[in-house]
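Following: one structure in structure tokens, then a few remarks.
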There are 2 protein chains.
Amino acid sequence: MRPTVHDIAAAAGVSLATVDRVLNQRPGVRKVTREKVESAIREIGYVRDVAAANLAKGRTYPFVFLVPASDNSFMHGLNAEVRAAVARSPVERTDIRTIEVPAFDPAALVSELERLRGERPAGVALVATDAPDVREAVDRLVQDGIPVVTVVSDLTGSLRHHYAGVDNIAAGRTAARLLGRFLGGAKGEIAVLAGSMLVRDHRERLEGFAALISAEFPSLAILPVIEGRDDPELAHMLVSDALSKKDGIIGIYSLGAGNRGLIRALKEKAADRALTVVAHELTAHTRAALLDGTIDAILNQDAGHEVRSAIRVLKAKADGLSVIDAQERIRLDIFLKDNLP
Amino acid sequence: MRPTVHDIAAAAGVSLATVDRVLNQRPGVRKVTREKVESAIREIGYVRDVAAANLAKGRTYPFVFLVPASDNSFMHGLNAEVRAAVARSPVERTDIRTIEVPAFDPAALVSELERLRGERPAGVALVATDAPDVREAVDRLVQDGIPVVTVVSDLTGSLRHHYAGVDNIAAGRTAARLLGRFLGGAKGEIAVLAGSMLVRDHRERLEGFAALISAEFPSLAILPVIEGRDDPELAHMLVSDALSKKDGIIGIYSLGAGNRGLIRALKEKAADRALTVVAHELTAHTRAALLDGTIDAILNQDAGHEVRSAIRVLKAKADGLSVIDAQERIRLDIFLKDNLP
DNA sequence: GAATTTCTGATTTACGTACATCAAAAATAG
DNA sequence: CTATTTTTGATGTACGTAAATCAGAAATTC
């Protein structure tokens, strides 16, 4: 049996009340006594029974998820996963509230974060827009002792406790190597379709991609980035246009959302051409395109894992517990036709 | 606040004791009363507070892990993960015991399983050796109401509750596509290094690999399988030999363990040749070989995830709860030089 | 050394569930 | 209708922790 508070009391020669005061950092304990108790805790190897503690406290964890009100498959998926987590929340003693904030709008995010600072939830998860004032707002929350994790997109240089998302530079490099190897030394041009260069994940993916291509696949030339604003219609138009004008294109890297438009353009304009295509995010559309050969590989981050990981980390931080790092690392999934889930 | 047993009692118009009898399936409740209580439970949407229940029961989950006494990096890694789980076990109210069983020895596994049947642990996890009498022994455990999950290697047609491992046919197909695409239509021979064709995962990987190569990459010819028994020395010898004799080899698929020997052979015999190599299981050796270009891609299953998943599933089954399927699906990791963890 | 402040101990209630006991009520058998 | 069995209610204790109260002890101040 693991030791309990009673065992600490006995070992330290103090009363239960004093042990409780030390454990919960309540005032009214002399320094010497406090140290006596603390060393007893260490000696007998006491670990607080979190389940019992939460039961006694009647505690639930009021968590807040800030999700961008963005209209693409990936964000819809993320939202669905948060809702699924909300559905499970009573069982896990969490009380998750989601707040939609305008996408790519640092000011809106900041004001929401400030509001939350007054509310003092047990933890905050957010899809960060990478701006200095957002970072400052997050850091203020952290300094107030509120656990904060970023999801999907991280915040440069902030004090957030954790980032539940993939390494986007590595993702870009991986895409580059796949494209480069699949093209087998051929010479030609690569088109890159992004959502917007104002978003950190997209910038990083491009950065990793471009670096590896130029370092290891010099026979491939990267064309100026096409910014499709994650909008299927716009993406369709821009990609169609590029394919018509340039017939040196032998590969495409789609690093953002809006793949529906890309896929349509490919089917219309490139059915005859042997294009190699690598895209991000597994959705119904990209899955179908992978299966029918329009896309050759899909890089993906599992939104469900990200949401669950964020919640686990917030809970652990709220309880002052440690997390299993390997469990919380969000992996970059590579899907070929053959290993689809 | 979520409803409690008191709420059920009030809603059903019975006493707490009766609710308790129904909930814990104790005798002494008339059918009509039982149904009244059950419908009240459904109506108010009561879910048992597992934490409080376990506290009251003073319950710990005595789980047993049967791991093969196999001397290769992967099994060592698996063992380490189980030990890590054991270290965490007091916090999670689990009491995990590991038992080493001789590898690839159905009889030994069966006798251990039979012994456990008498012991009645709260759950059993095992790396299955795929044999009919093992299946029967597992099914007897299941029929006795003991939760059973297979880890890494599954058991054909058995009643086990769950399999915490990757789809090995898909893994073989994925390896085939990677090799095929990386080779870019070149013509030549592919060598396959396996541990033993007596193990199910290896058989399945080969099956998937061969099927896809012959269907989609007809210019590639698969040489007879080299069985290295997961032994680095033997693998080294056999691969060296093959490389010396056949100079039509342009690709290698290593689907088992013992990659240390393979890597040595490659460095000695094929430094000059442009071989494309796909191997399984990320270890210190394969990682180094991937980074220095000796290996082109590594397929991996995360032993830590498998172990934690197995424990989560066993716990859920023991409590009669459901699991989050997406969370428990073990993914096939594809590692290139650029997305190593 | 008395008055005051600061610590400490003893005790109680609570969280939601499990489990046991004993008495009372209801159903069934004879 | 009585005797018996079955079903139900009432109540208490326990799990490990949190949190509160109040009295008493120890330390500090003047």
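As the structure is a computational prediction, the values presented were derived from the model and not from experiment. Every chain is numbered from 1 and lettered A, B, ... according to where its sequence line falls, protein lines coming before strand lines.
- Among dT17(C), dT17(D), dG9(D), the nucleotide with an atom closest to any side-chain atom of T4(B) is dT17(C).
- The base of dG16(C) is not paired with the side chain of R2(B) by any donor and acceptor separated by under 3.5 Å.
- Between the CD1 atom of I8(B) and the C1' atom of dG16(C) there is a distance of 11 Å, given to the nearest Å.
- Taking both residues in full, the closest heavy atoms of T4(A) and D7(A) are given as N-OD2, 2.8 Å, listed atom of the first, atom of the second, then distance.
- With hydrogens and angles disregarded, a donor-acceptor distance shorter than 3.5 Å links the side chain of D49(B) to the backbone of A51(B).
- The CG atom of L16(A) sits 9 Å away from the C1' atom of dT17(D) (whole-angstrom rounding).
- Within residues 46-57 of chain A, the residues having any heavy atom under 4.0 Å from DNA chain C are, by residue number, L55(A), A56(A).
- Looking at heavy atoms from C-beta onward, V5(B) lies out of side-chain contact with R48(B) at the 4.5 angstrom threshold.
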Distance-only check: which donor-acceptor pairs under 3.5 Å involve side-chain atoms of residues 123-138 of chain B, not counting sequence neighbours?
{"from": "D130(B)", "atom 1": "OD1", "to": "T156(B)", "atom 2": "N", "distance (Å)": "3.1"}
{"from": "D130(B)", "atom 1": "OD1", "to": "T156(B)", "atom 2": "OG1", "distance (Å)": "3.0"}
{"from": "D130(B)", "atom 1": "OD2", "to": "T156(B)", "atom 2": "OG1", "distance (Å)": "2.9"}

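- For the 3.5 Å distance criterion, the side chains of R331(B) and N300(B) fail to qualify, holding no donor opposite an acceptor.
- The nearest whole Å value for the distance from the CD atom in Q25(B) to the C1' atom in dT17(C) is 15 Å.
- At least one side-chain nitrogen or oxygen of T18(A) sits closer than 4.0 Å to the OP1 or OP2 atom of dG9(C).
- Taking every side-chain heavy atom of R21(B) into account, dG9(D) is the closest of dG9(D), dT17(D), dT11(C).
- One interatomic measurement links the two molecules: CG of D20(B) to P of dG12(D), which rounds to 17 Å at whole-angstrom precision.
- Separating the NZ atom of K31(A) from the C1' atom of dT28(D) is a distance of 18 Å, rounded to the nearest angstrom.
- Comparing R30(A) and H6(A) along DNA chain D, the residue whose closest nucleotide (by nearest heavy atom) sits nearer the 5' end is H6(A).
- Between the CG atom of N24(A) and the P atom of dA20(D) there is a distance of 10 Å, rounded to whole Å.
- Rounded to an integer number of Å, the gap from CZ of R26(B) to P of dT6(D) is 19 Å.
- Side chain of D144(A) to backbone of I146(A): no donor-acceptor contact under 3.5 angstrom is found.
- Residue G28(A) is in base contact, counting any heavy-atom pair closer than 4.0 Å across all strands shown.
- Put simply, the side chain of K315(A) gets close to the backbone of E92(A): a donor and an acceptor are under 3.5 Å apart.
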